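Here the structure comes first, spelled out in structure tokens, and everything after it is commentary.
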Amino acid sequence: MTRDTNSTPKTAVLYRMVMEEHVCPYGLKSKDLLEREGYAIDDRPLKTREETEVFMEEYGVETTPQTFIDDERIGGYDALREFFGQDVKDDDETTYQPVIAIFAVAFLMALGLSWAFYGSILTLRAFEWFIAISMSFLAVQKLQDVETFSTMFLNYDLLAQKWVRYGYVYPFGEALAGILMVAGALVWISAPVALFIGTVGAASVFKAVYIDKREIKCACVGGGSNVPLGFVSLTENLMMIFMGVWMSARAMGLF
């Protein structure tokens, strides 16, 4: 249900927790949303746990904040967003947002480093930095919760299914290769590591997605992601393969 927010401003009644030890963040978000939609707010803070419990019992609700407009209870923050016709995120919805954020920031950082060191953003080193920084960021996502990552990883990685501990080693290997490639140091370590994990990963993803036609979530940005396994995860592994070959070739003076 939506309302015409271009009409005369109306008053919304907002009940939210405002206690010394806790100010409800969704209450603040609801207040901000109402203000941006042009509503005058009758703000009714719930200042104690007892007040909150009495309120929830009286209105038969289990959470706060609660917004009322024209004596009609709209509900919490998500319900309020729906009321104004805004999208509400589904926790189970697949999304590429984490990957887009990682690659976008890595790209801008690479351009910034190139400008700082060479006075230009159009350098070969900027391209190398972009891939290396992306690898490092992706590794950080996995390292936040190695246990959960390793569990998701077992769904499709061929080597991890044979040797479970590989799922624990993988993010450290990716981080090591990425950091060394950013520094341009110890290529004899970074290149083989990137080439190995990239090749195994690419083969695993290709089999799971394009041969077995499985629809599973990718562990590429950590164990709690909703990124679907497919093109993005394959790209991550192909990038590592490329960097493994590229850095080896450069170290041998072929470029």
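Just so it is clear, the structure is predicted and the values come from calculations on it, not from any experiment.
Closest heavy-atom contact between Asn237 and Ile197: OD1-O, 3.6 Å.
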#### Entry: Stepwise side-chain contact (heavy atoms from CB on, under 4.5 Å) check, Leu33 with Phe83
CA-CA 11 Å; Leu33 178 56; Phe83 180 80; over 6 Å; no
### Task
Carefully, step by step, assess Thr11 and Ile41 under the rule side-chain contact (heavy atoms from CB on, under 4.5 Å).
CA-CA 6 Å; Thr11 299; Ile41 302 172; over 6 Å; no
### Task
Apply side chain to side chain donor-acceptor pair (under 3.5 Å) to Thr67 and Ser30, showing your working.
CA-CA 8 Å; Thr67 300; Ser30 295; 4.7 Å; no
### Message
The test is side-chain contact (heavy atoms from CB on, under 4.5 Å); show your working for Leu158 and Tyr166 and say whether it passes.
### Response
CA-CA 10 Å; Leu158 298 175; Tyr166 178 62; over 6 Å; no
### Task
Carefully, step by step, assess Met181 and Glu128 under the rule side-chain contact (heavy atoms from CB on, under 4.5 Å).
CA-CA 8 Å; Met181 287 177 177; Glu128 294 173 350; over 6 Å; no
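Trp163 and Phe196 fall within the same hydrophobic cluster, defined by Ile, Leu, Val, Met, Phe, Trp and Tyr side-chain heavy atoms under 4.5 Å apart, directly or through other members. With hydrophobic clusters built from ILVMFWY side chains whose heavy atoms lie under 4.5 angstrom apart, Met247 shares a cluster with Phe127.
With sequence neighbours left out, the side chain to side chain contact (heavy atoms under 4.5 Å, CB included) criterion links Ala106 to Phe130, Ile133, Ser134, Phe137. In terms of the side chain to side chain contact (heavy atoms under 4.5 Å, CB included) criterion, residue partners of Ser150 (sequence neighbours excluded) are, by chain and number, Glu147, Tyr168. Evaluation of the side chain to side chain contact (heavy atoms under 4.5 Å, CB included) rule for Gln97 yields Thr95 as partners, not counting sequence neighbours. Take Leu176 and apply the side chain to side chain contact (heavy atoms under 4.5 Å, CB included) test, not counting sequence neighbours, and it matches Leu180, Ile189. Among residues two or more places apart in sequence or in another chain, the ring pair (Phe, Tyr, Trp, His ring centres under 6.0 Å) test is passed with Phe206 by Tyr210.
With contacts defined as side-chain heavy-atom distances shorter than 4.5 Å, the pair Val209/Leu234 does not qualify. A 4.5 Å side-chain heavy-atom check between Tyr59 and Gln66 finds every atom pair outside the cut-off. Side-chain atoms of Phe84 and Leu34, non-hydrogen and from C-beta on, do get closer than 4.5 Å to each other. Side chains of Arg49 and Met17 form a contact here, defined as non-hydrogen atoms less than 4.5 Å apart. Contact check for Ile69 versus Tyr39: side-chain heavy atoms found under the 4.5 Å cut-off. Between Leu159 and Ser204 there is no side-chain heavy-atom pair separated by less than 4.5 Å. Counting heavy atoms from C-beta outward, Val61 and Met56 have side chains that approach closer than 4.5 Å. Using a 4.5 Å heavy-atom cutoff, the side chains of Met19 and Thr48 are not in contact.
Within 6.0 Å of CD in Glu62 there are 12 or fewer heavy atoms belonging to other residues, nucleotides or ligands. The 12-atom threshold is exceeded at CD of Glu58, counting heavy atoms of other residues, nucleotides or ligands nearer than 6.0 Å.
Salt-bridge check for Asp87 with Arg81: failed, with every basic side-chain N at 4.0 Å or more from each acidic carboxylate O. Taking a cutoff of 4.0 Å between a charged side-chain nitrogen and a carboxylate oxygen, Glu35 and Lys31 qualify as a salt bridge. A salt bridge is absent between Lys10 and Glu72; no separation between the charged side-chain nitrogens and carboxylate oxygens falls under 4.0 Å.
Trp129 has its ring centre less than 6.0 Å from the ring centre of Phe117.
Looking at Arg214, its side chain does come within 3.5 Å of a backbone N or O of Asn155 through a donor-acceptor pair. A donor-acceptor pair is defined here as one N or O able to donate and one able to accept, closer than 3.5 Å; no such pair exists between the side chain of Ser114 and the backbone of Ala110.
Hydrophobic cluster of Leu28: the remaining members, joined at side-chain heavy-atom separations below 4.5 Å, are Val18, Val23, listed by chain and number.
Using bins of under 30°, 30° to 60° and over 60° for the plane-to-plane angle, the ring pair Phe55/Phe68 lands in the perpendicular bin.
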